[in-house]
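Please read the structure below before turning to the comments.
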Amino acid sequence: MVSEVGADLEVRREQALPHGVAVAFPVYAERALGAEVWDIEGRRYIDFIGGMGALAVGHSHPKVIAAVKAQLDRFSHTFFGSIPYQGYIQLAERLNALAPFSGKSKTLLVTTGAEAVENAIKVARYHTGRRSIVVFRGSFHGRTLLTLGMTSQIDPYKRGFGPFPGDIHFSPFPSPYSGPSASEALDAFRDLVESQTEGEQIAAVVIEPVQGEGGFVAAPPEFLRGLREVCNQRGIVLIADEVQCGFARTGKVFAIEHSGVEPDLVAIGKSFGAGLPIAALIGKAEIMDKVPPGGLGGTYAGNPLACAAALAALDVLQEEGLAARSVKIGDRLAAGFRALNQSTNRQIIGEVRNAGAMVGVELVEDVESRRPAAELTSWLIKDAAENGLLLASAGRAHNVIRVLVPLTTSDEILDEALSIFAGSLARAADRVCA
Ligand code: PMP
């Protein structure tokens with residue numbers, strides 16, 4: 001599948017880049033539109049990875065391109081702390097209006113998801129005067145040293161990079177499929193807070209309402225309500241990390257809205273910038289305003305080009321009804337995936353779960369044992385790429401296909417992708433289960 005040009009780029013990549021920068025397939029992008037990517041050989045692919053969940057509005061959305069071009073013609077960077085500009089304020093106002101809180105909100109702009117989470121911890125620590133953080137097993141919060149400390153998976157993320165900042169405690173995340181149940185996980189959380197840590201030192205509880213890297217597992221509403229209750233009783237700041245599950249991916253702008261629980265702070269990133277590097281921390285004003293001037297910021301934080309892209313992306317989200325579309329995409333794909341155990345005549349799909357278009361397909365050796373089928377998953381991903389569908393995995397055992405397709409994708413493209421998926425799954429199963 002790799003031509004001479006592609007092979008040459010592979011050799012040059014090997015020579016020029018550190019091994020730590022992994023590349024899933026040698027598909028070198030030439031151009032991209034909506035949910036389609038063309039590589040340098042002119043081959044077309046359907047993109048179910050969507051910039052790892054950063055492209056809810058799709059590749060090269062004309063509104064985003066026009067907004068960024070117009071801003072580029074005016075200026076591309078100043079440093080907001082020295083020479084401010086309107087775009088930052090407009091974007092903060094738009095996000096404050098959308099925020100899933102009843103009271104007044106304030107928004108800080110930063111550049112990456114990890115930075116948004118780091119700033120959430122800074123704000124929570126300043127507000128409470130406490131130091132500890134509670135996170136959940138299966139979580140992913142970023143690759144900086146603090147957020148890596150808050151991330152649960154050892155390989156390939158954490159091994160060899162410690163020590164990490166202290167006072168980070170892991171509590172079980174509920175999973176209807178693999179356990180524990182919501183009430184078991186809540187009991188474990190209460191026990192952690194009450195007797196396994198200095199409970200009065202806990203500044204923040206950080207949760208992905210739908211875990212991304214962890215395998216697309218949604219926290220049940222009663223679990224989120226339980227966390228909220230404990231946080232209220234103890235003055236702990238509840239932080240929703242919506243970097244992956246936010247921006248209409250689950251059928252609502254913020255995934256936590258499904259539960260009716262109000263967090264205190266929300267970190268967003270990825271799709272909110274429509275492919276440009278921008279992220280944000282949205283929070284209750286009384287908490288956000290505690291940090292004194294100069295305590296928050298960064299050179300590129302709220303970069304004008306990225307603000308223009310994010311403002312355009314918010315327009316697209318509203319004008320094209322992406323939240324409603326997300327539900328339709330999720331229903332269509334989940335039904336298509338569920339039908340595959342019959343059509344392949346093999347019981348290798350353990351579970352298809354979805355929150356809107358955030359669809360996870362858990363592949364297992366057989367539905368009784370539920371043993372993760374990691375090898376099958378990697379063959380499936382390879383075969384699908386060779387046949388024009390780009391897929392990514394997730395989950396502790398890398399056996400969950402996670403769908404992060406743009407929310408602008410047509411039904412025709414979704415159906416085409418399902419049909420490629422079916423063929424690749426059957427071939428991967430033949431190979432592994434032979
Ligand atoms: N939080 C979550 C839930 C994420 O999925 C990610 C990225 N996968 C991050 C934080 C980190 O975002 P970034 O890579 O932009 O730093």
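First listed ligand is number 1; within each ligand, the first listed atom is number 1.
Of the protein's heavy atoms, Q244 NE2, 2.8 Å lies nearest to atom 5 (O) of ligand 1. Protein heavy atom in closest approach to atom 8 (N) of ligand 1: K270 NZ, 3.0 Å.
Ring geometry for H77 against Y300 counts as tilted: the plane angle lies between 30° and 60°, on a 0 to 90° scale.
Within a 4.0 Å radius of atom 14 (O) of ligand 1, the protein has no heavy atom.
Checked by atom type and distance alone, the side chain of Q71 pairs as donor or acceptor with a backbone atom of F75 at under 3.5 Å. A donor-acceptor contact shorter than 3.5 Å is absent between the side chain of N354 and the backbone of A357.
Checked against a 3.5 angstrom limit, the closest N/O atoms of G113 and ligand 1 fall inside it. The shortest N or O to N or O distance between A114 and ligand 1 is below 3.5 Å.
Listed by number with element, the atoms of ligand 1 under 4.0 angstrom from any heavy atom of D241 are 1 (N), 2 (C), 3 (C), 10 (C).
Among the candidates H61, R325, K63, the single residue satisfying the side chain to side chain donor-acceptor pair (under 3.5 Å) test with E320 is H61.
At a heavy-atom distance under 4.0 Å, only backbone atoms of H141 (N, CA, C or O) approach ligand 1.
Among T151, I207, V243, the residue whose heavy atom lies closest to atom 9 (C) of ligand 1 is V243.
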